[in-house]
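Encoded as structure tokens, the structure appears first; notes follow it.
Both backbone and side-chain heavy atoms feed into the values below; hydrogens, waters and symmetry mates do not. Here the structure is a predicted model, which is why all the values come from computation and not from measurement. Just so we're on the same page: letters track the sequence lines, and every chain starts at 1.
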Amino acid sequence: MGTGNPYHVRVTDFIREKIAADCSDGPYGGRVQTRFPPEPNGFLHIGHAKSITLNFGIADEFDGKCVLRFDDTNPDTEDSRFVDAIREDIEWLGYDTGEPAFASDYFRQLHHWAVQLIEKGLAYVDDQDAETISKNRGGFTEPGVDSPWRDRTVEENLELFEGMKNGEFAEGSRVLRAKIDMNHENMQMRDPVMYRIRDSHHFRTGDLWKIYPTYDWAHGQSDAIEGTTHSLCTLEFDTHRPLYDWFMEQLGLGGDRPRQTEFARLNLTHTVLSKRKLLQLVEEGHVDGWDDPRMPTIRGLRRRGYPAEAIRAFAAHIGIARVNGTHEIELLESFVRTHHNTHALRRMAVLDPIEVVLTNWPDGAADTREAINNPEDESAGTRDVPFSGRLFIERDDFMVDPPKKFFRLAPGREVRLRAGYFITCDEVETGPDGEVTRLLCTYDPATAGGQAPDGRKVKATIHWVSADHAVDATVMLYDRLFADEHPGADGSDPLASLNPNSREVRTGCKLEPALADTPLGEVVQFERLGYFAHDLDRPLVFHRTVGLRDEWANIQKRQGTG
RNA sequence: UGGCCCGUAGUUCAGUUGGAAGAACGCCGGCCUUUGGAGCCGGAUGUCGCAGGUUCGAGCCCUGCCGGGCCAGCCA
């Protein structure tokens, strides 16, 4: 498993095994067709990415086809702007959506089939209101109560259904129900609703229809119309499967009709993936929008600098199972690091600058240092970084009174400037409150490039930016959006565990000039700090995608806890 | 409370028709190092939910129990 694969990706799962078996002796003649069926009422998130990689991935692997179908059966919440956004996100993830399908394209066929069921005495118009229907459905141990309208004649049902379709009745006054069994142990089978009356304007069919199919009636039949072989959905639909099958059997759709298989949806620690909660985050202003880099949406992850390859590799790695569980967000992050480690160009940036003056630097002398762009990828080449006698280094790379195991700069100590020279700190200037304002250092000209001819060693290499050449930027540092590992797991409102410090805005950060030329959206590594994504729209705004693994933080933690 | 699904290392998952317990991430240790990163090497951790049963042999089969999830929208 995962041999020779840097991402340690699993290759099979129970669904792929089932499909492979169906290919050799199943009813589909070796054909494989899946579908990804979002409702166009919101933006896609990392949970959808799991389903997308599954459905499109299987289509690729089995030389089949995956249809993007919009389940647009509820006109109240849907909009074409979501259609465009969803397509864009899927394409960004690396899959070809082709010409998408819409459940609304099948409304006529669905209606035709509904009439057929009425004619066979398998569906009826119910005049009860929603509350009564719900009450009469019974409970887990209570049988349901038959509707007084359950035994209407076929003729009356046909006439009333036609009336519903023509807008003769008010919203909510009547529904079409499948006639199955009001005493069925599976609640889904207690005469489920197939059509409801809606006055709303549908974003594609306009005002043509007054009745709209429910999920249960539309979904399976849409699968069948498209020629789906394997309809893969999440676990909560497993109680719907008998109904999925029932409709197709009554319609006589045949042995090669689609079959539904369920798998566990994705959960992530420190994250919520409920559409309702995500919407609340946006509407209440806890985040800047659906594409806020802290959001688990595809757009948010993209702005944050999560590469599509890493998201796909993550999805493939966690695999598919029927066990409901929660994956650690750290696992996703490790895939992001693995990808950027081999792809991201190294750059230097000082987020919390402190000035360093090289007292022995020749007045006005100009210098450039050659730095490696990516030690993991020789073909990335090198770049020239301007150097001068006035530099910025990171404030926490210096300590006046360093504890044991602090190897960086301190009074009287020598360190290496990455790709530069050895420098020694001679003098510390402080402000009125004792804060360090400036360091006076000397450099050793013989150590150009970072090696001492006499062979002496330094314990630390720190990053730097030439003050005279630095470019100012704003850098966003992110922490978990939710402090709790499992937000809302104890029954509380997940938003109660929102981390008030999930974003730290650093202004006046000092960047090496090459960073001004970094294309928008590109992810680079700020050496020793982490991976940072140039904002998609705003130049010189960078988002921390993910930090580097921080050994120093671990050491401190260990010392702190004894 | 009825039905269905699930229960294997800290976590998430693999475990072929029953035949000597595995991977990844994390963790620990070491090496190396012009990123205290990366990389390389090594290591630990499981009463396979519990209890019975079938069998020469059970993580895989059967029964019961316990624990978790889903289902009583005219949402999907």
Nucleotide of [options] approaching [X] most closely (side-chain heavy atoms):
X        : options             : answer
A:Glu328 : B:U11, B:C71, B:U35 : B:U11
A:Phe140 : B:G73, B:U35, B:G2  : B:G2
A:Arg408 : B:G36, B:G2, B:C75  : B:G36
A:Ser134 : B:C75, B:G73, B:C71 : B:G73

Fill in: Proximity of A:Tyr531 and A:Phe542 rings by center, below 6.0 Å
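When the ring centroids of A:Tyr531 and A:Phe542 are compared, they turn out to be at least 6.0 Å apart.
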Is there a Watson-Crick or G-U wobble partner for [N] with both distances under 3.5 Å, and if so, which one is it?
N     : answer
B:G73 : none
B:G57 : none
B:U1  : none
B:A24 : B:U11
B:C40 : B:G30
B:C50 : B:G64

Under 4.0 Å, counting only non-hydrogen atoms across every strand here, what does [X] touch: a base, just sugar-phosphate, or nothing?
X        : result
A:His184 : nothing
A:Asp129 : base
A:Phe237 : base
A:Gln188 : sugar-phosphate

With syn meaning chi within 90° of zero and anything else anti, the base of B:G67 is anti
Cation over ring, A:Arg204 on A:Phe102, under 6.0 Å and within 45°?
->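 Judged by the rule (NZ or CZ under 6.0 Å from the ring centre, within 45° of its axis), A:Arg204 counts as positioned above A:Phe102.
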Task: Pair A:Arg265 + A:Glu236: basic N to acidic O under 4.0 Å - done: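 A:Glu236 and A:Arg265: salt-bridged.
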